[in-house]
Student: 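Can you read through this structure? Questions will come right after.
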Amino acid sequence: MNDNYLNELNEAQRAAVEATEGPVMIVAGAGSGKTRVLTYRIAHLIRKGVDPFNILSLTFTNKAAREMKERIGKIVSKSEARNLWMGTFHSVFARILRNEAERLGYPTNFTIYDTDDSKSLIRTILKEQGLDEKIYKTGMVLGRISAAKNNLIGAQAYLQNPAAQEEDRMSGKPKIGIIYDQYQKRCFKAGAMDFDDLLYNTNILLRDYPDILNKYQDKFRYIMVDEYQDTNFSQYVIVKQLAARFQNICVVGDDAQSIYAFRGANIQNILSFERDYPELKTYKLEQNYRSTKNIVNAANAIISNNRDQLEKNVWTSNAEGDLIQLMKANTDNEEGQIVARSIFDTKMNAQAKNKDFAILYRTNAQSRAMEEALRKMNIPYRIYGGLSFYQRKEVKDMLAYYRLAINPHDEEAFKRVINYPARGIGDTTVDKLIIAARDNDVSLWTVCENIGPFGLQINSGTTQKILDFVAMIQSFNVMLPVQNAYDLGNHIASHCGLLRELYADKTPEGVSRYENVQELLNGLKEFSDGDTTPPIDLVESDPELQRIEVAKQANLLEEAGLSDKPLRTLDQFMQDIALLTDADAKETEEDLNKVSLMTIHAAKGLEFPYVFVVGLEENLFPSALSLNSRTDLEEERRLFYVAVTRAEKRCTLTYASTRYRWGNLTSCEASRFLDEIDPKFIEYANAAARRQYDAFNEPSFEVKKPNPGTTATPAPPKKKNLVRATTAINSAPAPIDNSHLKNLQVGQRVRHERFGDGQVTNLEGPFPNTKATVTFDQAGQKQLLLKFAKLEIL
DNA sequence: GTGTAATGCTATTGG
DNA sequence: AGCATTACAC
């Protein structure tokens, strides 16, 4: 047992670790050792004699939970660490909901609908209601429903909520409440919960069943919430309820890193927290251990542009380090090339490994150019996020059969595979089934099981096909408790026809699909053999539940006449599949030394020695959709802050002047965020960036570090009135012909190629050396020399 | 009912 | 450009 853990902490960290009783808020700047504090805090609790069964720790990813548990295990003991309740909100409360599902009228084996399932269900409802999909966009409808649930507004309440109704009327979508209501009913009938339901229903459970609230309040005597800035109202209330009795609640977060407001996260939760617990103790972790001074200072400069923030002073005693590198490319492909090239060079010059590099981007679509460039230079890489394994079509098809075997009422799984592979039950038939299900208020499955009594207008041949399908699913269903996950999964794969269908396709894509299903079966095999951790590493909860579980399994084994080996079944495997993300995937040997590619969102909580943030262009980063409101723009800026603070040694920012979007070439201008970093933190690391800088920064055009390489290159022949003096590394760029500005007056509206439109507020000195002060609508006040400024009078 | 061609839509971010 | 849904021929 390691007794020295407290000595490994600085004063603030140590105080936060030792403040175990009562409400605590830890404001943790980027790279300030937050994970270490959380880890040691939990270890400290256990050392002080708190039973791990009584500790709940909510993390942002399951992987984070797994890793933290491992580290805690090294300080206390492995067996003690195992008993902690640790995981994401969704996985922890999915677990609890399974135990208590019956109270809410849900089956224990309820399905978790993913976003595709939810959208598909909404599409079905739109069709039924005769609503136009063009007006009621599924994503938008789901967004409204999701927002309502995250604010704990149920369907009925939504229909009676004047504000919501008014808003929907105003936006020309008055039926959203009806859709919401239908959606909930259909989910319930299908024995399914979507992601938001996992939190919403937990709230219902704790609100309406005092004995259950009591049970979990008593159980979770110490609660910790990581990444608190990214929790939504629904999560906030759950935590508040659970912590109400003992009030040993510790939240950790950084308002500067709040990047999930778009899905309901609410910084307000931090303020509410202060209000809820007046005796709150607050600790600030401000020393950054991760990054160099230049990175920390540049990041501080970025975030200081936000109005909404908690007071905080992040600093570091680390070395000065490299400046922020800025590189410009002509195209998105070239951007990929300069990044790949830079990685290659750094590997050579600094003995860096592939895994020391990360490429971060705003949107997943940007990965393509990066991948291509890395492939060409033979640099191994791994993409996080995007389409995960479990989201691939063939895998989802296979999983749909499994889901149906476990919960035949699962409507989305049913629709997915009722006629795939083709078995002669087409759309018309399925539509009849859907109508019958709706009219009788039952599930599709119930209709199929009782196809005679419902008296459907379906011919006998098709009826037989449906009955065959039902019989097949039923045969899978009865095997559930007596077969292990692999045996049953394999059996289903070969009997449902999917494997045959895929095997028949000999195209490269077809082969790959077949292999993916095989890969899924391999996963089942590993799970069944039990030599790896289950898909979700939520620790076996309280002894009571464990006993029930063990007894259940023993019974089943007895019935099956099997050995004493614990049976790991398909439904166990499937339980949390829907909640798995790429970030949770265990790293294989292979992944260990690869360059990481991911969105900035996915990079939250991670760190790398060398970070590239690519695509720093207006309308991409910040996203075009964020430009309308200050709060949205501030979220983008926090995102940029998160990106830069991932870097330990060096941070490189890149942008391209043209980029393919929607299949055609569009021109781009550099992101406003680049202007927000003081130039003294920036090194213009390629010639294009230096040129751009010189052109942009009239009137100062201070001389940047001379590039040793440039003097050797022959200067192009000089031309008069060259707009951009490409050789102007050591000399001022040639003035452009600006005689049209000669009579510029204060008060006139002007347009700048970079800063947009603005108004002249002051003029100083005689033309052509006039210095103009212009207040731009977007970019704010700038001083420009008329001699150089690319201004146009409006 | 099935398979292929044509159309149309999309690309924030994610559990 | 790439994917998904739709339209149309068989």
Side-chain angles (χ1 to χ4, degrees), chain A residues 58-64 87-94 112-120 123 127 133-134 137-139 142-143 146 149-150 193-199 227 230-232 234-235 258-265 332 360-369 384-388 390-393 418-431 458-459 461-462 465 509 536 576-584 598-604 615 619-627 632 635-636 638-640 642-643 659-666:
Chain A
L58 296 164
T59 55
F60 197 70
T61 63
N62 287 301
K63 189 181 171 198
T88 62
F89 270 93
H90 289 89
S91 52
V92 165
F93 294 112
I112 297 172
Y113 275 176
D114 67 15
T115 307
D116 286 342
D117 295 320
S118 297
K119 285 184 175 168
S120 159
R123 229 170 274 129
K127 227 178 275 173
E133 246 185 272
K134 303 253 172 3
K137 301 250 187 188
T138 49
L142 185 59
S146 170
K149 283 185 198 169
N150 287 330
M193 296 190 199
D194 68 14
F195 291 133
D196 303 311
D197 286 333
L198 295 175
L199 305 175
E227 308 283 7
D230 286 325
T231 56
N232 60 38
S234 183
Q235 292 167 321
S258 159
I259 54 175
Y260 283 97
F262 74 91
R263 69 170 200 221
D332 44 0
L360 310 181
Y361 34 77
R362 180 70 236 281
T363 65
N364 280 306
Q366 289 166 260
S367 72
R368 181 180 304 269
Y384 294 76
L387 263 200
S388 84
Y390 291 106
Q391 288 174 306
R392 295 190 189 156
K393 184 188 175 301
I418 174 73
N419 199 33
Y420 182 78
R423 51 173 68 86
I425 308 171
D427 291 345
T428 1
T429 309
V430 174
D431 284 347
I458 296 174
N459 69 45
T462 310
K465 285 170 188 160
E509 302 82 42
I536 277 279
D576 298 291
I577 285 292
L579 299 175
L580 277 190
T581 66
D582 245 31
D584 298 321
M598 65 186 91
T599 63
I600 301 164
H601 284 91
K604 187 165 96 156
N619 297 320
L620 179 61
F621 194 17
S623 150
L625 292 131
S626 74
L627 299 180
D632 286 357
E635 176 147 318
E636 294 283 307
R638 292 193 295 269
L639 197 54
F640 185 39
V642 168
R659 175 179 299 279
Y660 276 95
R661 292 179 104 176
W662 294 280
N664 45 26
L665 201 61
T666 51

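Order of the sequence lines sets the chain letters (A, B, ...), proteins ahead of strands, with each chain counted from 1.
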Student: Within the 4.0 Å heavy-atom criterion, would you say A:Lys465 contacts the bases, only the backbone, or no part of the nucleic acid?
Tutor: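 A:Lys465: no heavy atom of the nucleic acid under 4.0 Å.
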Student: Could you tell me whether the side chain of A:Lys604 reaches within less than 4.5 Å of the side chain of A:Tyr260, counting heavy atoms only?
Tutor: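 Side chain of A:Tyr260 against side chain of A:Lys604, heavy atoms only: contact under 4.5 Å found.
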Student: Measure NZ/A:Lys604 against P/B:dT13 and give the value in whole Å, please.
Tutor: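 From A:Lys604 NZ to B:dT13 P: 16 Å.
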Student: What's the CD-P distance between A:Glu509 and C:dA4, to the nearest Å?
Tutor: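 In whole Å, C:dA4 P and A:Glu509 CD are 13 Å from each other.
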Student: For A:Leu199 and for A:Arg661, locate the closest nucleotide of DNA chain B by heavy-atom distance; then report the residue assigned to the nucleotide nearer the 5' terminus.
Tutor: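 The answer here is A:Arg661.
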Student: If you only use heavy atoms from C-beta on, which nucleotide in B:dG3, B:dG15, B:dT13 is closest to the side chain of A:Ala422?
Tutor: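 Of B:dG3, B:dG15, B:dT13, B:dG3 is nearest to the side chain of A:Ala422.
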Student: Do A:His601 and A:Tyr384 have their ring centres less than 6.0 Å from each other?
Tutor: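 No - the distance between ring centres of A:His601 and A:Tyr384 does not fall below the 6.0 Å cut-off.
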Student: Whole angstroms only, please: what is the NZ-C1' distance between A:Lys134 and C:dT6?
Tutor: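 Whole-Å distance recorded here is 10 Å.
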Student: Under 4.0 angstrom, heavy atoms only, what part of the nucleic acid is A:Asn364 near: base, sugar-phosphate, or nothing?
Tutor: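 Sugar-phosphate, backbone atoms only, no base.
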Student: Do A:Asp114 and B:dG15 share a donor-acceptor pair, side chain to base, under 3.5 Å?
Tutor: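 Result: no qualifying N/O pair found.
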Student: Do the side-chain N or O atoms of A:Asn419 get closer than 4.0 angstrom to the phosphate oxygens (OP1, OP2) of B:dG1?
Tutor: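 A:Asn419 to B:dG1 OP1/OP2: no side-chain N or O under 4.0 Å.
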Student: Tell me whether the side-chain N/O atoms of A:Thr599 come closer than 4.0 Å to OP1 or OP2 in B:dG14.
Tutor: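 For B:dG14, OP1 or OP2 has a side-chain N or O of A:Thr599 closer than 4.0 Å.
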Student: Taking CD1 from A:Ile112 and P from B:dG15, how many angstroms apart are they, rounded to a whole number?
Tutor: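 Spelled out: CD1 on A:Ile112 to P on B:dG15 is 14 Å.
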Student: Between B:dG14 atom P and A:Leu142 atom CG, what is the distance in whole Å?
Tutor: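 Rounded to the whole Å, the gap is 16 Å.
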Student: In whole Å, I'd like the distance from the OH atom of A:Tyr420 to the C1' atom of B:dG3.
Tutor: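 About 13 Å, once rounded to whole Å.
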Student: Are OP1 or OP2 of B:dT10 and a side-chain N or O of A:Lys137 less than 4.0 angstrom apart?
Tutor: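 Yes, A:Lys137 has a side-chain N/O under 4.0 Å of OP1/OP2 on B:dT10.
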Student: In terms of side-chain heavy atoms of A:Glu636, which of B:dT10, B:dT12, B:dC9 is nearest?
Tutor: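 Selected nucleotide (nearest to the side chain): B:dT12.
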Student: Report the distance from atom CG of A:Asn664 to atom C1' of B:dA11, rounded to the nearest whole Å.
Tutor: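 Atom-to-atom, A:Asn664 to B:dA11, this comes out as 13 Å.
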Student: Is the phosphate of B:dG1 approached by A:Thr429 (side-chain N or O, under 4.0 Å from OP1 or OP2)?
Tutor: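 Affirmative; the distance criterion is met.
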Student: Taking atom P in both B:dA11 and C:dT6, what distance in whole Å separates the two?
Tutor: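 Those two atoms are separated by 16 Å.
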Student: May I ask you to check whether A:Ser234 and A:Asn150 show a side-chain donor-acceptor distance below 3.5 Å?
Tutor: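 No pair is found: no donor N or O on one side chain lies under 3.5 Å from an acceptor on the other.
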Student: Whole-Å distance between B:dA11 C1' and A:His601 NE2?
Tutor: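 The distance from NE2 of A:His601 to C1' of B:dA11 comes to 14 Å, rounded to the nearest Å.
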Student: Counting just side-chain N and O atoms, does A:Asn619 come under 4.0 Å of either OP1 or OP2 of B:dT12?
Tutor: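 Negative; the distance criterion is not met.
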Student: Can you say whether the rings of A:His90 and A:Phe195 are parallel (under 30°), tilted (30 to 60°) or perpendicular (over 60°)?
Tutor: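 Perpendicular.
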Student: Would you mind telling me which of B:dT10, B:dG14, B:dG15 lies closest to the side-chain atoms of A:Ala602?
Tutor: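 Closest nucleotide to the A:Ala602 side chain: B:dG14.
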Student: Using the P atom as the reference point in each nucleotide, state the distance between C:dA4 and B:dT13 in Å, no decimals.
Tutor: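 Per the computed distance, 16 Å lies between those P atoms.
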Student: Tell me whether A:Glu133 is salt-bridged to A:Lys127, with the criterion being a basic N under 4.0 Å from an acidic carboxylate O.
Tutor: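 Salt bridge: no.
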Student: Just so I know, are the side chains of A:Asp194 and A:Asp114 near enough to count as touching, which here means a heavy-atom distance under 4.5 Å?
Tutor: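 No, too far: nothing below the 4.5 Å cut-off.
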Student: Nearest to the side chain of A:Thr363, heavy atoms from C-beta on, is which of B:dG1, B:dG14, B:dT13?
Tutor: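 So the side chain of A:Thr363 is nearest to B:dT13.
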Student: Which one, B:dT13, B:dT12, B:dA11, comes nearest to the side chain of A:Ala365?
Tutor: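 It is B:dA11.
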Student: Would you please indicate yes or no on a ring centroid separation below 6.0 angstrom for A:Phe89 and A:Phe60?
Tutor: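 Between A:Phe60 and A:Phe89, the centre distance exceeds or equals 6.0 Å.
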Student: Which part of the nucleic acid does A:Tyr260 contact within heavy-atom distance under 4.0 Å: base, sugar-phosphate only, or nothing?
Tutor: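 Contact class for A:Tyr260: sugar-phosphate only.
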Student: Establish, with yes or no, whether the OP1 or OP2 oxygen of B:dG1 is under 4.0 angstrom from a side-chain nitrogen or oxygen of A:Thr428.
Tutor: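 Affirmative; the distance criterion is met.
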Student: Compare side-chain N and O positions of A:Arg368 against OP1 and OP2 of C:dG2 and report whether any pair is under 4.0 Å apart.
Tutor: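 The answer is yes; a side-chain N or O of A:Arg368 sits under 4.0 Å from OP1 or OP2.
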Student: With the criterion set at under 5.5 Å between ring centres and under 30 degrees between planes, would B:dT12 be stacked on A:Phe262?
Tutor: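 Not stacked by the 5.5 Å and 30° rule.
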